[in-house]
Amino acid sequence: MGVDAAGADLAEPFTFVVDTAGLLRLAPRRGEHVVCAGGAAVLAAGGAGFSRAGGAWAVGEVSNQSTGYCPDVRSWEAVADAPDAAGPGQPGWFARVVFRRCPRCRELGIVREQDVACVFCDGPLPDRWNVDDDPGAIPAGPGGG
């Protein structure tokens, strides 16, 4: 891979958001999702990697890992619908990160390997995404990333 004109290392994944208008926004990986979105609500947020395919850059992998927004796995639909992301380089898989807010201690956590207990207080985590009550746009959370 190489470095683009703005100096970003294309071998390193990018931070991305899909704003409420469906626009895909990219920032260097070390950038925070909330900053990439200008502090606004988003339809999706996470990381995206690119690879070289047939002489052109293509999306290689995408995840919804964003501690600033903690998007539900259903946010993939917004990524797939974003005009720039759904082109010929659309990824064949989406690395799903399952976020839940603990009803007992209110901490945010990631469900790993079907372990549905809070890592902070060992309380049970809900079966459905509960970071925000509005299943539409995802507002910026306390994590800021």
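Closest approach of Ala45 to Val17, counting heavy atoms only: CB-CG1, 4.0 Å. When every heavy atom of Val18 is checked against every heavy atom of Leu24, the shortest pair comes out as CG2-CD1, 4.0 Å. Residues Phe99 and Ser66 come closest through the heavy atom pair CZ-O, 3.6 Å. Of all the heavy atoms in Ala41 and Thr20, the pair that sits closest is O-CG2, 3.6 Å. Shortest non-hydrogen contact noted between Ala37 and Tyr69 is CB-OH, 3.2 Å. Between Cys105 and Phe120, the closest heavy-atom pair is SG-CB, 4.1 Å.
Side-chain atoms of Ser75 and Leu43, non-hydrogen and from C-beta on, never get closer than 4.5 Å to each other. Within the 4.5 Å cutoff, no side-chain heavy atoms of Glu107 are placed close to those of Arg101. Contact check for Pro124 versus Arg104: side-chain heavy atoms found under the 4.5 Å cut-off. Side-chain contact between Trp129 and Val73: absent, with no pair of heavy atoms (C-beta onward) separated by less than 4.5 Å. Contact check for Val98 versus Ile110: no side-chain heavy atoms found under the 4.5 Å cut-off.
Rounding to the nearest 0.5 Å gives a distance of 8.0 Å between CD of Gln65 and NE2 of His33. Atoms CG and SG, from Asn64 and Cys70 in turn, are 9.5 Å apart once rounded to the nearest 0.5 Å. Rounding to the nearest 0.5 Å places CZ of Phe14 at 6.5 Å from CG of Leu26. Annotation: the span from Cys118 atom SG to Arg100 atom CZ amounts to 13.0 Å, rounded to 0.5 Å.
Counting only distance, with no hydrogens or angles, the side chain of Ser63 and the backbone of Gly46 share no donor-acceptor pair below 3.5 Å. With hydrogens and angles ignored, the 3.5 Å screen pairs no side-chain donor or acceptor of Asp19 with any backbone N or O of Val42.
Taking a 6.0 Å sphere around CD of Glu77, one finds it holds 12 or fewer heavy atoms contributed by other residues, nucleotides or ligands.
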